[in-house]
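Both ligands and their constituent atoms are indexed starting at 1 by order of listing. These numbers come from the heavy atoms of this one structure, side chains and all, not from hydrogens, waters or symmetry mates. Position 1 is the first residue of the sequence, and the numbers go up from there.
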Amino acid sequence: MLQPEKFRCLRCNAGGFSRSSTVWVCEQCSQAYPCVHGMPKLYIDAAIGLQDRKLRDKFYDGVFGAFYAFMMPFIVLPVRPAAGAWWHWALYLATCGSMLVLAAGGVWGFIAGHAVLATTALGVLGLAVWFLLRQKYLFDLLLLAIPTKLSILKSRFVPVETFADVHRRAIASLSGRTGRLRILDVSTGSCNSLYKHGWMSLDGAYTAIDLSAIMLKKGQDLMAERGIPIDLVLGDALDLPFQSGTFDVVLNYGAINGMTDPGKALAEMTRVAKPGALLLFLDEQMYATPSRIERLYFHNVLSSHNVIHHCPVELLPADLEDVQVAQVYEFYYICTARKRGPKTSGLEGRI
Ligand SMILES: C[S@@+](CC[C@H](N)C(=O)[O-])C[C@H]1O[C@@H](n2cnc3c(N)ncnc32)[C@H](O)[C@@H]1O
Ligand SMILES: [Zn+2]
């Protein structure tokens with residue numbers, strides 16, 4: 001445990017827990033928080049918002065979460081550079097090809113009087129279509145991936161500031177700080193973004209939180225594999241189990257737009273940030289000139305489970321300043337901001 005004093009009890013707001021690898025108990029009100037894989041479940045299940053619960057139970061704690069590293073690249077297939085996605089494209093084409101073969105086999109079976117062949121082929125095809133229609137976004141992905149890819153190739157979108165530029169700017173803005181920075185990644189999932197986008201180059205004390213046990217276990221495995229000390233917590237972004245004014249950097253990759261109350265999530269990220277701290281979050285937003293097919297893909301696939309579909313600048317708390325929104329890809333923004341107040345001095349940043 002890197003910094004036990006940063007936590008708070010969701011029931012009574014006090015700090016101070018008696019901790020074991022199976023349960024944390026609040027020393028003030030005796031609320032017990034069980035652990036999953038040694039990580040405390042610092043949320044009260046009945047208080048979770050409807051959409052957050054739905055995403056947790058249907059996606060992240062389900063098949064989508066279990067195969068996240070495989071599924072996610074599929075969803076963003078048309079947006080990714082083809083060179084790095086050839087394997088997924090091959091699988092996509094194989095799936096489309098198999099469905100066409102089944103349809104053709106069924107029709108030919110009927111015409112040629114092979115009843116067994118016809119019913120088997122159409123039965124399997126029917127099952128596949130039934131499955132895809134239950135996951136409508138997958139069905140739409142199947143239909144839209146190629147036209148969207150072609151449309152994106154034609155549009156030749158060039159960001160004013162790239163994904164890497166924004167990260168360089170954000171990380172450079174922290175370079176004057178001395179002492180260890182307290183870095184929080186909200187909705188960290190598999191800790192993939194926290195690990196990959198430059199935050200590990202800082203002298204950081206890392207904390208990461210997510211609502212899904214399946215996703216966070218992946219994060220736990222990645223961090224253990226890389227030997228990175230980190231405090232991992234199961235918790236709700238809409239009611240963070242941390243004391244106010246704790247972190248120098250607060251991140252959120254790919255989750256704000258899908259939350260029950262994105263404004264509340266931003267207010268919570270701001271509350272737990274120190275004065276002068278950096279906030280950075282990324283999610284879906286269309287660029288200025290999407291084609292009709294791109295709009296369809298965006299709304300039916302990429303942003304289909306979201307509550308909002310743009311960077312929620314209108315919901316940002318008033319105590320944020322220096323707000324900058326960069327359209328880093330055709331369908332993604334990154335927003336950076338600073339919490340009003342003096343930049344954290346060396347001593348404040350130190351732990
Ligand atoms: C698209 S994934 C992104 C994961 C990771 N940040 C990344 O960049 O790979 C969204 C994550 O948000 C988490 N999430 C959704 N609602 C949440 C909430 N209310 N509180 C905390 N995490 C939440 C999900 O469990 C999931 O792991
Ligand atoms: Zn308590």
Student: Have Asp231 and Gln3 got a donor and an acceptor in their side chains that come within less than 3.5 Å?
Tutor: no
Student: Going by heavy-atom distance to atom 5 (C) of ligand 1, choose the closest among Asp283, Thr188, Thr260.
Tutor: Thr188
Student: Scan the protein's non-hydrogen atoms and note whether one is under 4.0 Å from atom 15 (C) of ligand 1.
Tutor: no
Student: Please state the angle at the Zn ion (ligand 2) spanned by SG of Cys26 and SG of Cys29: what is it, rounded to 10 degrees?
Tutor: 110°
Student: Report yes if some heavy atom in the side chain of Thr270 is under 4.5 Å from a heavy atom in the side chain of Leu279; otherwise report no.
Tutor: yes
Student: With a cut-off of 4.0 Å, which atoms of ligand 1 are near a heavy atom of Ser193?
Tutor: 7 (C), 8 (O), 9 (O)
Student: Can you list the atoms of ligand 1 that are under 4.0 Å from a heavy atom of Ala255?
Tutor: 12 (O)
Student: To the nearest 0.1 Å, how far is atom 2 (S) of ligand 1 from its closest protein heavy atom, and which atom is that?
Tutor: Tyr68 OH, 3.5 Å
Student: Dump the intermediate steps for side chain to side chain donor-acceptor pair (under 3.5 Å) on Thr207 and Lys6, then the final yes or no.
Tutor: CA-CA 10 Å; Thr207 306; Lys6 71 190 160 198; 2.7 Å; yes
Student: Decide if the gap between the ring center of Phe74 and the ring center of Tyr92 is smaller than 6.0 angstrom.
Tutor: no
Student: So do Leu251 and Val186 actually touch side chain to side chain, heavy atoms under 4.5 Å?
Tutor: no
Student: For Phe7, is there any backbone N or O sitting under 3.5 Å from a side-chain donor or acceptor partner on Gln243?
Tutor: yes
Student: Counting C-beta onward and ignoring hydrogens, is there a side-chain heavy-atom pair between Glu27 and Phe17 closer than 4.5 Å?
Tutor: no
Student: With the Zn ion (ligand 2) at the center, what angle do SG from Cys9 and SG from Cys12 span, rounded to 10 degrees?
Tutor: 110°
Student: Does the N or O separation between Ser187 and ligand 1 drop below 3.5 Å for any pair?
Tutor: yes
Student: For ligand 1, which atoms sit closer than 4.0 Å to a heavy atom of Met215?
Tutor: 27 (O)
Student: I need the atoms of ligand 1 closer than 4.0 Å to a non-hydrogen atom of Ser212, numbered in the order shown.
Tutor: 25 (O)
Student: In terms of side-chain heavy atoms, does Ser151 have a donor or acceptor partner in Glu294 at a distance below 3.5 Å?
Tutor: yes
Student: Do we see a donor-acceptor contact under 3.5 Å between the side chains of Ser212 and Arg56?
Tutor: no
Student: What are the atoms of ligand 1, with element, lying closer than 4.0 Å to any heavy atom of Asp52?
Tutor: 16 (N), 18 (C), 19 (N)
Student: Please identify which atoms of ligand 1 are closer than 4.0 Å to at least one heavy atom of Gly254.
Tutor: 1 (C), 10 (C)
Student: Quick one: nearest non-hydrogen protein atom to atom 13 (C) of ligand 1, plus distance?
Tutor: Asp210 OD2, 3.3 Å
Student: Report yes if Asp236 has an N/O atom closer than 3.5 Å to an N/O atom of ligand 1; otherwise report no.
Tutor: yes
Student: Under 3.5 Å, side chain of Lys218 to main-chain N/O of Asn192, donor-acceptor pair present?
Tutor: no
Student: Taking 4.0 angstrom as the limit and counting only heavy atoms of Gly235, give me the atoms of ligand 1 inside it, by number and element.
Tutor: 20 (N), 21 (C)
Student: Looking at atom 20 (N) of ligand 1, what's its closest protein heavy atom, distance included?
Tutor: Ala237 N, 2.8 Å
Student: Taking the side chain as every heavy atom from C-beta outward, state whether Leu211 and Tyr60 have any atom pair closer than 4.5 Å.
Tutor: no
Student: Please confirm whether Tyr253 comes within less than 3.5 Å of ligand 1 when only nitrogen or oxygen atoms on both sides are compared.
Tutor: yes
Student: Output the list of atoms in ligand 1 that are nearer than 4.0 Å to some heavy atom of Gly189, sorted by atom number.
Tutor: 4 (C), 27 (O)
Student: May I ask you to decide if the ring planes of Trp87 and Phe70 are parallel, tilted or perpendicular, using 30° and 60° as cut-offs?
Tutor: perpendicular
Student: Counting non-hydrogen protein atoms only, what is the nearest one to atom 17 (C) of ligand 1? Give residue, atom name and distance.
Tutor: Met259 CE, 3.8 Å
